[in-house]
Amino acid sequence: MRVSKYILPTLKENPSDAVVLSHRLMMRAGLIRKESAGMYAYLPIGLRVLRKITGIVKEEMDRAGAHECLMPEMTNADYWKESGRWETMGPEMIRITDRNGLEYSLGPTHEESFTNLVRSVISSYRDLPLNLYQINTKFRDEIRPRFGVIRSKEFIMKDAYSFDIDQAGLDASYNAMSMAYRRIFDRCGIATIPVQADSGNMGGSASEEFMVASEIGEETLLLCDKCEYRANSEKAEYTRGEVKSESAVEELKEVLTPDVKTIEDLVKFFKCDEDKFLKSVIYVADGKPLMVVVPGSREVNEHKLKNFIGALELDLANDEVVEKVTGAPFGFAGPVGIKDARIVFDISVKNMVNAITGANKKDYHLSGVNPVRDFNIKEEADITSARAGDICPKCGSPMYEKKGIEVGHIFKLGYKYTKAMNLTVLDEKGASITPIMGCYGIGVNRTMAAAVEQNNDERGIIWPKSIAPFQVHLIGIAKTDEETAAVEPAEKLLDTIKEYL
RNA sequence: CGGGGCGUGGCUCAGUCCGGUAGAGCGCGUGGUUUGGGACCAUGAGAUCGGAGGUUCGAAUCCUCUCGCCCCGACCA
């Protein structure tokens with residue numbers, strides 16, 4: 001391949017719409033061009049890199065016993081309706097209707113497709129375990145595409161789905177993927193941090209994310225160097241502090257607090273620590289009001305909360321609902337005296353002594369509030385987010401935070417799709433059993449961007465050898481006619497090199 | 001969807017406030033000179049100023065609508 005015959009449109013200046021480093025470098029090096037927001041074209045040199053990465057992915061997936069397929073990108077709505085996700089996926093899924101009025105989705109993920117495929121081709125436990133994968137384009141109507149190829153509406157993903165006879169089989173399939181993923185990212189020359197993750201609305205139990213540490217990462221990780229506890233903030237647990245053996249329990253007292261609504265206001269007004277307050281937040285969970293009570297300095301972790309209450313939809317309540325639940329305008333909510341709403345407390349609340357909280361009455365707060373005496377804790381759970389400095393749940397050392405880009409994610413899915421779509425096989429006794437699933441994704445083009453993000457200097461991209469677009473660049477430096485004659489040996493050298501590559 | 005910003009040759013931008021019919025640098029073509037670490041000189045091509053409507057003798061510039069793009073937020077396998 002000659003550079004002179006190649007198309008390699010480099011740019012000297014940063015394109016005005018590229019902000020992050022990988023996006024800029026990928027544009028300037030002529031790897032990609034934008035077609036429109038969240039959609040990118042890969043030029044020959046960019047495609048070469050992409051192919052190098054997919055090559056590694058394939059080798060490792062095959063080595064782990066998975067088999068490659070290729071599924072339609074336009075998927076029949078019927079399957080989504082079977083699994084129930086036609087309703088639950090929401091506007092993120094791009095839906096289209098053909099001329100006959102049939103509905104389709106541009107596949108944002110392929111659990112349904114693979115489950116449907118597998119149920120049509122296997123019928124015996126002897127066909128299991130089975131792990132099928134594809135490398136294909138995915139479509140998601142992202143609210144806001146960002147960072148070039150890192151968060152785009154159309155992207156390339158390797159997605160694999162395992163089917164096993166039982167939990168032990170799933171564990172084995174999952175572990176095989178966990179190992180394969182480590183090898184894949186390692187071979188791509190990028191350092192990843194595997195973390196425990198929330199499995200979100202994919203359903204399922206265990207889940208591990210492969211993160212590339214980066215300032216522009218959209219996820220926050222909590223890490224402990226002492227014991228290697230690693231989790232993303234949606235999932236991260238932390239140990240609550242010791243009970244403070246504070247002085248005497250105070251009387252419950254109403255305090256006039258005009259216009260003091262936020263924790264910030266309260267800190268100024270009462271001149272004490274944020275954690276002296278009980279923060280009460282009103283949500284609407286699947287249509288029903290819900291009060292959530294956490295220490296003043298803490299944020300409600302909506303992922304944890306959603307999992308705990310088993311809700312599909314969770315939104316902050318509007319002023320009207322707040323008023324209905326608490327009998328007071330926004331800013332004066334508290335757990336004392338609430339009768340008609342479900343209340344979930346963070347597990348740290350029970351240890352609080354003489355707290356201050358909203359009185360459920362306009363312009364009043366209560367001080368000297370104590371659990372049990374002043375309100376019952378019927379339901380409590382870990383529903384707040386861990387943050388830097390919090391105590392590691394495993395070893396008790398303080399944790400720290402890092403931002404990360406998610407490049408891979410593996411889940412134990414469970415029976416959600418096999419049950420909903422009625423995938424069964426016969427076991428050795430001839431009885432019908434439902435296989436259990438796992439699912440395993442790698443953002444291929446995101447991995448490419450992450451590699452660039454992680455390997456560069458002021459002069460540009462420094463490709464890890466395994467995914468570099470080219471291995472050798474032969475430069476002829478002939479000037480004079482006689483020297484030009486030497487081009488021939490260069491050609492020969494090129495042929496020789498080709499043989500060894 | 002809320003807030004902010006931007007659309008002018010291939011790229012980066014000036015001109016817009018104070019209407020008079022388009023400019024620079026880079027890149028690109030051609031000719032020449034040069035040449036051992038991203039050359040220089042000359043010359044040239046290339047823009048109905050995102051689109052539509054309006055005001056005006058006259059609109060890149062003013063007004064209305066519209067499309068696209070970027071940033072922050074909400075949100076997000």
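Quick caveat: nothing in here was measured; it's all calculated off a predicted structure. Throughout, a chain's letter reflects where its sequence line sits, starting with A, and its residues are numbered from 1. Quick note: numbers below take in every heavy atom, side chains included, and nothing from hydrogens, waters or symmetry partners.
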In terms of side-chain heavy atoms of A:E13, which of B:U12, B:C70, B:C71 is nearest?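 When the side chain of A:E13 is considered, B:U12 is the closest of B:U12, B:C70, B:C71.
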G-U wobble or Watson-Crick pairing nucleotide for B:G68 (cut-off 3.5 Å, both distances):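 The base-pairing partner of B:G68, which may sit in any strand shown, is B:C6.
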State, without any angle test, whether A:E112 and A:N116 hold a side-chain donor-acceptor pair at a distance under 3.5 Å.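 Side chains of A:E112 and A:N116: no pair found under 3.5 Å.
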Remember a base hit wins even if backbone is also touched, and classify A:Y440 as base, sugar-phosphate or nothing at under 4.0 Å, heavy atoms.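 Contact class for A:Y440: none.
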Rounded to whole Å, please give me the gap between OH in A:Y283 and C1' in B:C75.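 The answer, rounded to whole Å, is 13 Å.
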A:D346/A:R298 salt bridge by N-O under 4.0 Å criterion: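 Here A:R298 does not pair with A:D346 in a salt bridge, since their nearest N and O are not under 4.0 Å apart.
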Starting at atom CD1 of A:I143, determine the distance to atom C1' of B:C70, rounded to an integer number of angstrom.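 Answer to the nearest Å: 17 Å.
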Is any NZ, NE, NH1 or NH2 atom of the basic residue among A:R119 and A:E82 found under 4.0 Å from an Asp or Glu carboxylate oxygen of the other?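 A salt bridge links A:R119 with A:E82.
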Write down the partner of B:U34 under the Watson-Crick or G-U wobble criteria, each distance required to be under 3.5 Å.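 Its partner: none found.
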Are any of the side-chain nitrogens in A:E103 or A:R95 under 4.0 Å away from the carboxylate oxygens of its partner?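 Answer for the salt bridge query: no.
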In whole Å, measure the gap between the P atoms of B:C72 and B:G25 for me.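 Per the computed distance, 34 Å lies between those P atoms.
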Let's see if you can work this out: which of B:C76, B:C75, B:C69 has an atom nearest to the side-chain heavy atoms of A:D17?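 Among B:C76, B:C75, B:C69, the one nearest the side chain of A:D17 is B:C69.
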Of the nucleotides B:C26, B:C69, B:G73, which one has an atom closest to the side chain of A:S36?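 Ranking B:C26, B:C69, B:G73 by closest atom to the A:S36 side chain puts B:C69 first.
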Rounded to whole angstrom units, what separation is found between the CD atom of A:E142 and the P atom of B:G73?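 Value for this atom pair: 15 Å.
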OP1, OP2 of B:A74 versus side-chain N and O of A:R144: anything below 4.0 Å?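 A:R144 to B:A74 OP1/OP2: no side-chain N or O under 4.0 Å.
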P spacing across the pair B:U30 / B:C69, given as an integer number of angstrom: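 About 36 Å, rounded to a whole number of Å.
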Let's test this: given Watson-Crick or G-U wobble pairing with both distances under 3.5 Å, identify the partner of B:A45.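 The answer is none; no pair meets the criterion.
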Would the base of B:C76 count as contacting A:R151 through its side chain, where contact means a donor and an acceptor less than 3.5 Å apart?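 Yes, a donor-acceptor pair under 3.5 Å.
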Lys/Arg N to Asp/Glu carboxylate O, A:E87 vs A:K81, below 4.0 Å: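 No.
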Tell me: NZ of A:K34 to P of B:G68, nearest whole Å?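 It works out to 13 Å between those atoms.
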Considering only B:U12, B:C76, B:C71, which nucleotide approaches the side chain of A:E92 most closely?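 Ranking B:U12, B:C76, B:C71 by closest atom to the A:E92 side chain puts B:C76 first.
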Applying a 4.0 Å non-hydrogen cut-off, can you work out what A:D159 is touching in the nucleic acid: base, sugar-phosphate, or nothing?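 A:D159: no heavy atom of the nucleic acid under 4.0 Å.
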Please tell me if the side chains of A:S280 and A:V292 come closer than 4.5 Å, counting only heavy atoms from C-beta onward.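 No; the side chains remain at least 4.5 Å from each other.
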Picking from B:G38, B:C11, B:C69, which would you name as closest to the side chain of A:K12?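 Closest nucleotide to the A:K12 side chain: B:G38.
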In the strands shown, is B:G25 matched to any nucleotide by a Watson-Crick or G-U wobble pair with both distances under 3.5 Å, and which?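 By the stated definition (distances under 3.5 Å), B:C11 pairs with B:G25.
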Kindly point out which of B:C71, B:U12, B:C70 is positioned nearest to the side chain of A:P15?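 It is B:U12.
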Determine which nucleotide pairs with B:C57, using a 3.5 Å limit on both distances of a Watson-Crick or G-U wobble pair.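 The base-pairing partner of B:C57, which may sit in any strand shown, is B:G20.
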Distance, C1' atom - from B:U8 to B:U61, rounded to whole angstrom: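 Going atom to atom, C1' in each nucleotide, I get 11 Å.
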Within the structure, does a side-chain N or O atom of A:R24 lie under 4.0 Å from either OP1 or OP2 of B:U12?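 Looking at the OP1 and OP2 atoms of B:U12, neither is under 4.0 Å from any side-chain N or O of A:R24.
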B:U21 and B:G68, which share atom name P, separated by this distance in whole Å: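 That atom pair is separated by 34 Å.
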For A:V19 and A:P108, find the nucleotide of RNA chain B closest to each by heavy atoms; which residue's nucleotide sits nearer the 5' end?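 Result: A:V19.
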Span that lies between the P atom of B:C76 and that of B:G19, in whole angstrom: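 B:G19 and B:C76 have their P atoms separated by 49 Å.
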A:R33 has an atom CZ; how far is it from atom C1' of B:C11, in whole Å?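 Taking atom C1' of B:C11 as the reference, CZ of A:R33 is at 9 Å.
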Ion pair A:R85/A:E111, N-O distance below 4.0 Å: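 Salt bridge between A:R85 and A:E111, a charged N being under 4.0 Å from a carboxylate O: yes.
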Whole-Å C1' distance, B:U16 and B:G7: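 One C1' to the other, the span is 13 Å.
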How far does the P atom of B:G23 sit from the matching atom of B:C40, given to the nearest Å?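 Approximately 24 Å lies between the P atom of B:G23 and that of B:C40.
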Under 4.0 Å: is that the gap between some side-chain N or O of A:R146 and OP1 or OP2 of B:C70?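 Negative; the distance criterion is not met.
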List the steps, then state whether ring pair (Phe, Tyr, Trp, His ring centres under 6.0 Å) holds for A:H110 with A:Y79. CA-CA 10 Å; A:H110 280 81; A:Y79 303 130; over 10 Å; no
Could you check how far CG of A:L8 sits from C1' of B:G27, rounded to whole Å?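 About 14 Å, once rounded to whole Å.
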Distance in angstrom units between A:M27 CE and B:C11 P, rounded: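 Going from CE in A:M27 over to P in B:C11 covers 9 Å.
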Across all strands shown, which nucleotide pairs with B:C75 by Watson-Crick or G-U wobble geometry, both distances under 3.5 Å?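 Because no pair has both required distances under 3.5 Å, B:C75 counts as unpaired.
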Whole Å only: how far is the CZ atom of A:R28 from the C1' atom of B:G38?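 Distance, rounded to whole Å: 13 Å.
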Whole-angstrom distance between B:A14 and B:G54, as gauged at atom P: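 Looking at atom P only, B:A14 and B:G54 are 30 Å apart.
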